[in-house]
2 protein chains.
Amino acid sequence: MPLPLHQAKAEFFRMLGHPVRIRVLELLQDGPRPVRELLADIGIEASSLSAQLAVLRRSGIVTATRDGTTVVYALTSDDVAELLSVTRKVLTGLLAGQNELLAMLRDEERA
Amino acid sequence: MPLPLHQAKAEFFRMLGHPVRIRVLELLQDGPRPVRELLADIGIEASSLSAQLAVLRRSGIVTATRDGTTVVYALTSDDVAELLSVTRKVLTGLLAGQNELLAMLRDEERA
DNA sequence: TGAAGAGTTGAAAACTTCTTCAACTGTACA
DNA sequence: TGTACAGTTGAAGAAGTTTTCAACTCTTCA
């Protein structure tokens with residue numbers, strides 16, 4: 001029941017709440033990657049990606065290490081894969097539920 | 001690699017990104033609850049709770065059913081418990097990592 | 001040393017989210 | 001019918017987030 005713990009959980013989810021950050025975490029599941037590659041895969045402004053990477057770094061979910069002029073990012077925990085997998089499962093259920101509603105609306109229309 | 005899917009995942013996490021909403025989901029894990037009880041447990045303004053419940057409803061992760069003058073909320077999916085459980089695991093790792101840094105700072109101080 | 005490339009950061013503007021307060025809807029019960 | 005209670009909603013202001021652009025740091029290599 002401690003409020004600060006709910007606060008921490010909420011911050012964690014907010015940290016995940018951006019399409020580019022999700023994309024980065026998914027790419028890092030296959031192993032560490034230099035910024036250059038993330039940039040090529042995602043295709044947004046470098047400074048915008050940098051800002052999102054900074055959010056991930058601050059949370060501790062990824063680490064950045066410099067190797068010459070390139071910076072390599074990596075996940076700090078293997079559990080991230082599991083988190084994304086469970087998320088897919090829950091999301092599948094939610095979207096299925098929404099499509100059911102859509103189908104019901106369609107049926108009303110036909111009546 | 002579809003962008004709209006990352007968008008959907010990000011929206012899902014943003015939906016979870018509020019302490020009151022996390023609290024509500026945790027309370028609903030033990031079964032459906034009337035607003036009155038949620039209100040008593042959480043202890044915020046009724047209108048503020050209502051706004052957060054509306055966010056959860058809109059996402060489809062909970063349902064609201066009216067029974068007389070009371071409205072009862074329930075989870076739509078059992079998988080939410082698993083999601084929260086994996087989150088606890090990842091968060092445990094992150095916070096442990098931060099405490100390690102804290103410990104290192106303390107050690108530097110002593111040197 | 002200095003020029004070039006990789007990545008990061010700061011500031012301003014656009015956008016989103018949260019809280020509060022007042023007004024509203026729906027149900028029960030006298 | 002009308003009063004009271006439970007819960008929701010809308011609007012306005014405050015606070016936080018994201019994007020863009022320019023400027024900056026760090027490393028390499030001539």
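By convention in this document, chain letters (A, B, ...) are assigned in the order of the sequence lines, proteins followed by strands, and residues within each chain are numbered from 1. No hydrogens, no waters, no symmetry mates; every other heavy atom, side chains included, goes into these values.
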Which nucleotide in the set [options] lies at the smallest distance from any side-chain heavy atom of [X]?
X       : options               : result
B:Ala54 : C:dT9, D:dT8, D:dT9   : D:dT9
B:Ala51 : D:dT8, C:dT19, C:dT8  : C:dT19
A:Ser48 : D:dT19, C:dC18, C:dT8 : D:dT19

What is the distance, to the nearest angstrom, from the [atom1] atom on [X] to the [atom2] atom on [N]?
X       : N      : atom1 : atom2 : result
B:Phe13 : D:dT17 : CZ    : P     : 17 Å
A:Leu53 : C:dT8  : CG    : P     : 6 Å
A:Ile44 : D:dC21 : CD1   : C1'   : 15 Å
B:Arg36 : C:dG26 : CZ    : C1'   : 16 Å
A:Glu45 : D:dA22 : CD    : C1'   : 12 Å
A:Leu56 : D:dT18 : CG    : P     : 11 Å
A:Met15 : D:dG16 : CE    : C1'   : 17 Å
A:Glu11 : D:dG16 : CD    : C1'   : 12 Å

For nucleotides 15-17 of chain C, give me every protein contact, N/O to N/O, under 3.5 Å, one pair per line with atom names.
{"unit_1": "C:dT17", "atom_1": "OP1", "unit_2": "B:Arg14", "atom_2": "NH1", "d": "3.0"}

Please find the pair of heavy atoms, one from [X] and one from [Y], that lie closest to each other, and give the distance.
X       : Y       : value
A:Val72 : A:Pro32 : CG1-CB, 3.7 Å
B:Leu94 : A:Ser59 : CD1-O, 3.7 Å
A:Arg14 : B:Gly17 : NE-O, 3.4 Å
A:Arg33 : A:Leu27 : NE-O, 3.5 Å
A:Leu83 : A:Thr87 : O-OG1, 2.7 Å

Within a strict 4.5 Å, meaning less than it, do heavy atoms of the B:Tyr73 and B:Leu53 side chains meet? yes

Using a 4.0 Å heavy-atom cut-off to protein, can you give one letter per nucleotide of nucleotides 24-30 of chain D, 5' to 3': B if the base is in contact, S if only the sugar-phosphate is, - if neither? ---SS--

May I ask whether A:Leu84 and B:Leu16 are part of the same hydrophobic cluster, defined by side-chain heavy atoms of I, L, V, M, F, W, Y residues being less than 4.5 angstrom apart, directly or through others? yes

Is there a side-chain polar atom (N or O) of [X] under 4.0 Å from OP1 or OP2 of [N]?
X       : N      : result
A:Gln52 : D:dT19 : yes
B:Arg58 : D:dT9  : no
B:Tyr73 : D:dA6  : no

State plainly whether the residues B:Arg21 and B:Glu26 are in salt-bridge range, i.e. N to O under 4.0 Å.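 B:Glu26 and B:Arg21: not salt-bridged.
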
Nearest 0.5 Å, what's the CD-CG distance between B:Gln52 and B:Leu38?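 One finds 12.5 Å between CD of B:Gln52 and CG of B:Leu38.
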
Quick check for you: to the nearest 0.5 Å, what is the distance between B:Lys89 atom NZ and A:Asp79 atom CG?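 Reported to 0.5 Å precision, the distance equals 4.5 Å.
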
Check this for me: does the side-chain of A:Ser47 come within 3.5 Å of the base of D:dC21 through a donor and an acceptor?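 Yes, a donor-acceptor pair under 3.5 Å.
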
